[in-house]
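One structure below.
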Amino acid sequence: MPSTTPGLPTGLPELQPAISAQDLFVERGGRQVLRGVSTSIPAGSVTGLLGPSGSGKTTFIRCVVGTQKIKSGTVTVLGESAGTKQLRRRVAYVTQDAAIYPDLSVKSNVGYFAALYGRGRAEAAAAIELVGMADHANHLAANLSGGQKTRTSLACALVSEPDVLVLDEPTVGLDPVIREELWNQFRDLAAAAGKTLLVSSHVMDEADRCDRLLLLRDGTFIADDTPADLRASTGTDNLEAAFLHLIRELDKVA
Amino acid sequence: MSIHIAHTRRPAHTPNRSGFAAPIVFITAGRILRQLLNDRRTVVLILAVPSLMIALISAIMDAAPQVFASVGLILLAFFPFMMMFMITSITLLRERTGGTLERLMTTPTGKLDLVGGYALAFGLAAATQTAIAATVAYTWLGLETAGPVWAVFVIAISASLFGMALGLFVSAFATTEFQAIQFMPVFVVPQLLLCGLIWPREQMAGWLQGVSDVLPITYAVEALTEVRVNPEITSTMWTDLAVVGGAVLVAAALGAATLRRRTG
């Protein structure tokens, strides 16, 4: 069951939630994808949205950025209804497949998104540097590897210096070294810069990098907790086992 | 390959350091033009093909210069219309299927910024194309009009903007580039056949004339005919141009309506 009073990770100040969902229902193609999910995500934290493919992760993320039609319920981001005009300057979205222009260079791609937010070339160059793409800045996006495209897409989001960064499976297909570096970067954005990150993944070993975890299965949250509390409450020492434990418990009830 | 974490970032709401933010419609147009310019082969084809086609028609109709005067002139407006329809429908389809449209909808970009950006960028491409084709036709192919060349230019650009707006609208109904190309015979060819280019409109069956009456390109062609035969700008030409302009606005509004911020 989703907990209503999320225990904040120690060391972070208590703030109003950056993202909150209330009783959210979404139907896609006549199928219920989200079935009444509620949660509250604290500002300045990294929250992992975990679950098998098809569990509704992308749909939940699209609700947060305001591109998903909602059947009922509410999603509030930074105190406003998700997807409002004001929020579009403060929330950045990195889609699962790198949404960049293949016929533009890395520099032009990031420069374009920079300009949309009133940022200049210096900021674009800094964002490209930040994701380690400076050596490829003049390459056409079409000629990049999958991981390089993902990082370019990430730079297009980082350049807007968003308060809330929503990433849909950003580490799929990346090699372990880059994955590690990206996660360090996510942690740092939250800890040092006070940003709120919502990161979906289906890789359980990334869960330990998060302050909080949302476990999604068949359109409902089966856990909404810190990694430590999740391990404690399920009596397991790894999160994969904790997730399986929760699923078995649910199946027993059903 | 290492990622350096630097925190020289400032809060998100402070204004741009340079103090100047270009309107998003221009930023969008710049991005679309840059995409186009990165594709050199397409640029060459866009600029050269209409001139070559009109030269070909001129050679075919060598024995009947008065027929070329009419057909060549119509083609001068028809090529930009067709080109804008094609490149807008394909480019926009790519935005829809490539995820960039959804992404843009989460940025400060408005729907009209996007429509306007396409109109500016491809309108500029159409203007360049028309300038080259008109220069070739008037200078070397002996094309003559009683009225001024600038009027031909204005009609051609209006027709091209209609092609852009129609392509934008139609791209919503295609899920693949194959389908988008197949919309050409559906939306473009009938306008070519019924506009009076290959057969006089008054000799068509009544119902076909009725169909022809509601197709905007018919009015662009009528406007061109006015320029061809009248040394002065006629009120008929202005009326025709207004009809084409109205069609651009309707098609652009329909096209903008297909750009959904929230989808199912």
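As the structure is a computational prediction, the values presented were derived from the model and not from experiment. All chains are named by letter (A, B, ...) in the order of the sequence lines, taking the proteins before the strands, and each is independently numbered beginning at 1.
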Next item on the list: Please confirm whether B:Arg103 makes a cation-pi placement over A:Phe113, using NZ or CZ under 6.0 Å from the six-membered ring centre and within 45° of the ring normal.
Entry: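 Output yes; distance and angle both within limits.
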
Check: Most heavy-atom pairs under 4.5 angstrom with chain A, which of B:Leu101, B:Thr109, B:Asn38?
Finding: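 Highest number of pairs under 4.5 Å: B:Asn38.
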
Next item on the list: Could you check which of B:Glu102, B:Arg260, B:Arg94, B:Glu95 has the highest count of heavy-atom pairs closer than 4.5 Å to chain A?
Entry: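 Highest number of pairs under 4.5 Å: B:Glu102.
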
[atom1] ([X]) with more than 12 external heavy atoms under 6.0 Å:
| X | atom1 | value |
| --- | --- | --- |
| B:Arg34 | CZ | no |
| A:Asp97 | CG | no |
| B:Phe26 | CZ | no |
| A:His139 | NE2 | yes |
| A:Lys107 | NZ | no |

Notebook entry, point to check: For B:Leu36, is it the side chain, the backbone, both or neither that has a heavy atom under 4.5 Å from a heavy atom of chain A?
Noted result: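 Looking at B:Leu36, nothing touches chain A.
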
Interchain contact, [X] with chain B, by part (heavy-atom threshold 4.5 Å):
| X | result |
| --- | --- |
| A:Ala157 | both |
| A:Thr59 | neither |
| A:Val65 | both |

Notebook entry, point to check: So A:Tyr93 and B:Thr107, side-chain contact (heavy atoms from CB on, under 4.5 Å) or not? Walk me through it.
Noted result: CA-CA 9 Å; A:Tyr93 173 32; B:Thr107 73; over 6 Å; no

For the interface with chain B, which of [options] has the highest count of heavy-atom pairs at distances below 4.5 Å?
| options | value |
| --- | --- |
| A:Thr67, A:Ile100, A:Leu104 | A:Thr67 |
| A:Lys69, A:Gln96, A:Arg88 | A:Arg88 |
| A:Ala99, A:Gly111, A:Gly83, A:Ala92 | A:Ala99 |

Note to self: Using 0.5 Å steps for rounding, measure from the OH atom of A:Tyr101 to the CD atom of B:Gln35.
What the structure shows: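 Interatomic distance, A:Tyr101 OH to B:Gln35 CD, rounded to 0.5 Å: 6.0 Å.
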
Checklist line | Rounded distance [0.5 Å steps], CG in B:Leu37 versus CG in A:Asp103 | finding: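 Rounded to the nearest 0.5 Å, the CG-CG separation comes out at 11.0 Å.
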
Notebook entry, point to check: Looking only at heavy atoms, which two atoms of B:Pro108 and A:Leu116 are closest? And how far apart?
Noted result: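 So the two residues come closest at CG-O, 3.7 Å.
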
Next item on the list: Decide yes or no on side chain to side chain donor-acceptor pair (under 3.5 Å) for A:Arg62 and B:Thr263, but give the supporting numbers first.
Entry: CA-CA 9 Å; A:Arg62 292 181 75 235; B:Thr263 54; 2.5 Å; yes

